[in-house]
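Down below is the structure, laid out as C-alpha cells.
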Amino acid sequence: MGLILGGGLLTGRAAGYIDPGTGSYALQIAIAFLVGLAFSVKVFWKKISIFLKKTFSSKDKNGPHVP
Amino acid sequence: MYPEGVLPSSFRDPAGHVFRRDGVLYRSIRDPGRPHYDALMTSGLYKELIAANLLVRHEEVSLSDNAPEDSGTVIRPEEIPFISYPYEWSFSQLQDAAIATLEIEKRAILSGMTLVDASAYNIQFLRGRPVLIDTLSLRRAVEGEPWTAYRQYCQHFLAPLALMCLRDIRLGQLLRAHLDGIPLDLAAALLPPGSRRRPSLLLHVHLHARSQKRYEIRDAPVARRTISRQARLGLIDSLESGTRKLRWRASGTEWADYYDDTNYSPAGMADKRKAVEQFVAAARPRTVWDMGGNIGTFSRIAAKAGAMTVSFDIDPACVERNYLTARAGREADILPLLMDLTNPSPAAGWENRERMSLLERGPADAVLALALIHHLAIGNNVPLEMAARFFARAGRSLLIEFVPKSDSQVKRLLVTREDIFEGYTREGFERAFEKHFEISRRVPLADSERTIYIMERKRA
C-alpha cells in the first residue's frame, strides 16, 4: 500500500495549509482500484452462486432423474 | 435575516437551516441547496429511502410570512421525539447507525447522488430505527469525485466501533470529547496491534491515519484523480463488511445481570410492577424518562402504555441488551441510552449550544426512578435535597422508590463506607422531596422495607 501511496498516482502540489481530509482523499484514490476490483469479484461471485442455486434447485424440484 | 428560532446546531450548511416556529420544526432550503433537493425528489431516491425507513419523512409547506428571505422552499420534517447523541448509544445502536449511513450512500450512488456528510449526529432513532435527519446532506454527485464523507465515516463510526469492541467498550465516550469523531491517529494508537490483521481496519483506520499524517505536511503532493462508480460502491462495500464484522457481546459489566441479584420477593416485584402500571395509566404521560432503567423491564410498561420512553442506564451492557431486545421486538416507543446521572451529557459544541445537555431535552411528562436513590445519595454522596431538585427539573410527575438503610442492598453499599448519611431516612427523604413535589401516594412493596412514592411537581 505504501508503494501505491508513494507511487505515480500522486501529482500536483497543494498550496498552503492542507487539512486531514486531503489524506483521506489521497487514500481513496490510492485504494479505488483495489476496492473496485474486490467489489466486482464479489458481485460476479454472487451472480454465479445465485445461478448455480437456481439451476440445482429447479433440478431438485423436477425430482431425481430416472434413466 | 433569519427569523428567531434557527436551531443552534444548524449553522454549518449554507444550503439550508432548521428552525422552529410556533412549536413546529421546519427546514429551509436556500438557493445553493435547491438543485440537490430537486434531484433528491425527482430521482426517486427520496421515495426509496422513505420506503426503506432510512430517511426522515417531510412535506413541503408554504410559510409566506416571516419565512427566511431567501428560501424558496420550506419543508416540514417529521419531528424526532427525543434527540440522542452517539456518545449516548450502545455498541449496536452506533453500528446500526453506521450501516444505515452506508446503505443510504449505496442507494444514493445508484441514483447519481451522494451523502456529503457521514456525521453520526445526522442519524437519529425514530420508532426504534436509525434514520437520516439531514435531508440536505444528499447532493447530486460529481462524476468521478471520491466520497467526501469517507473521513467522517471512519471517525464517527468505524474507529469508535473498533475501539469499543477490540479495546474497551467505554472508549465510546471519546466521542463526547471529539465531536467530529475520534481522530484516526488516536484510534490507530489505541487499537490493539491485532487490529491490523483485519483488512478493513488496516485500510480505513491504520493506513488512513498514516495517509492523513503524510498530507498534513505543508506542500505535500496531492492526488488529483477521479474514481469510478464501481470503486465508490467498492469503498462502501469494504466499509460495510468491516463495520459488520465488529462484534461486542454484552456481558461482564456490573449491572448486566442485575435482575438475577435483587432482594425482591415475587410479591414485592409484582407490587412494583403494578405501581408502575397504575402510575402510567393515571398520569397518561406522552414522554417518560426511566432513570437507571437497566435492561428496560419497567420502561416497557410505560412504552406499552403508549409513552415514548427513554430508558437511561450507566452500564453499556444493559443499554446494549435493552436495545437488542427492543430491536428484536420491533418496539417503536423505547429508546435505550447510556447516561451517567451523576455526570449527564453536557451542552457541547460551538457556543456550548450545538449539542444539548440532558436536561435541555426535557422535561419529560413523567420520570421513573426505581431502585436508584440509594446509589445517588449513598453511592455518590448526592444530598437528598439535590436529588429531588434534579428530578423536579427532569419531569413533571415522578415515581420513585425509596430504599431504606435497613435494606440488604443499602447495607452492601455501606460495607466499605463510613455511614455519614444521617439524613438518609424515610422522613428525610419525604422532607427533601416535598420541597419540590406533592406526594400523592405511597405504595409499600411486599416482603420489603422499600416504598414507592408517586409525586407531582409543585408549580413554581
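Each chain gets a letter, A, B and so on, in the order its sequence line appears, and its residues count up from 1.
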Open item on the list: Per the salt bridge (charged side-chain N to carboxylate O under 4.0 Å, His left out) rule, what does the pair list look like for residues 176-191 of chain B, sequence neighbours excluded?
Closed with: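 Checked against salt bridge (charged side-chain N to carboxylate O under 4.0 Å, His left out) - neighbours excluded - the pairs reaching residues 176-191 of chain B are B:R151-B:D180.
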TODO: Under the salt bridge (charged side-chain N to carboxylate O under 4.0 Å, His left out) rule, what do B:D117 and B:R12 come out as? Steps first, then yes or no, please.
DONE: CA-CA 11 Å; B:D117 293 309; B:R12 294 188 197 278; over 6 Å; no
Task: Straight-line distance of B:R139 CZ to B:L40 CG, nearest 0.5 Å - done: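 Interatomic distance, B:R139 CZ to B:L40 CG, rounded to 0.5 Å: 11.0 Å.
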TODO: Pull out the residues in residues 38-46 of chain A that come under 4.5 Å of chain B, heavy atom to heavy atom, sorted by number.
DONE: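 Hits under 4.5 Å: A:F39, A:S40, A:K42.
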Task: side chain to side chain donor-acceptor pair (under 3.5 Å): pairs with one or both residues in residues 191-200 of chain B, sequence neighbours excluded - done: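 For residues 191-200 of chain B: B:S195-B:H206.
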TODO: Sort B:S238 into side chain, backbone, both or neither according to what part of it lies under 4.5 angstrom from a heavy atom of chain A.
DONE: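 For B:S238, the side chain is the part near chain A, not the backbone.
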Task: Close aromatic pair by centroid cut-off 6.0 Å: B:H204 and B:Y153 - done: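 No, the ring of B:H204 stays outside the 6.0 Å limit from the ring of B:Y153, centre to centre.
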Task: Qualifying residues under ring-ring contact (aromatic ring centres under 6.0 Å, His included), relative to B:W89, sequence neighbours excluded - done: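 ring-ring contact (aromatic ring centres under 6.0 Å, His included) list for B:W89, sorted by chain: B:F125.
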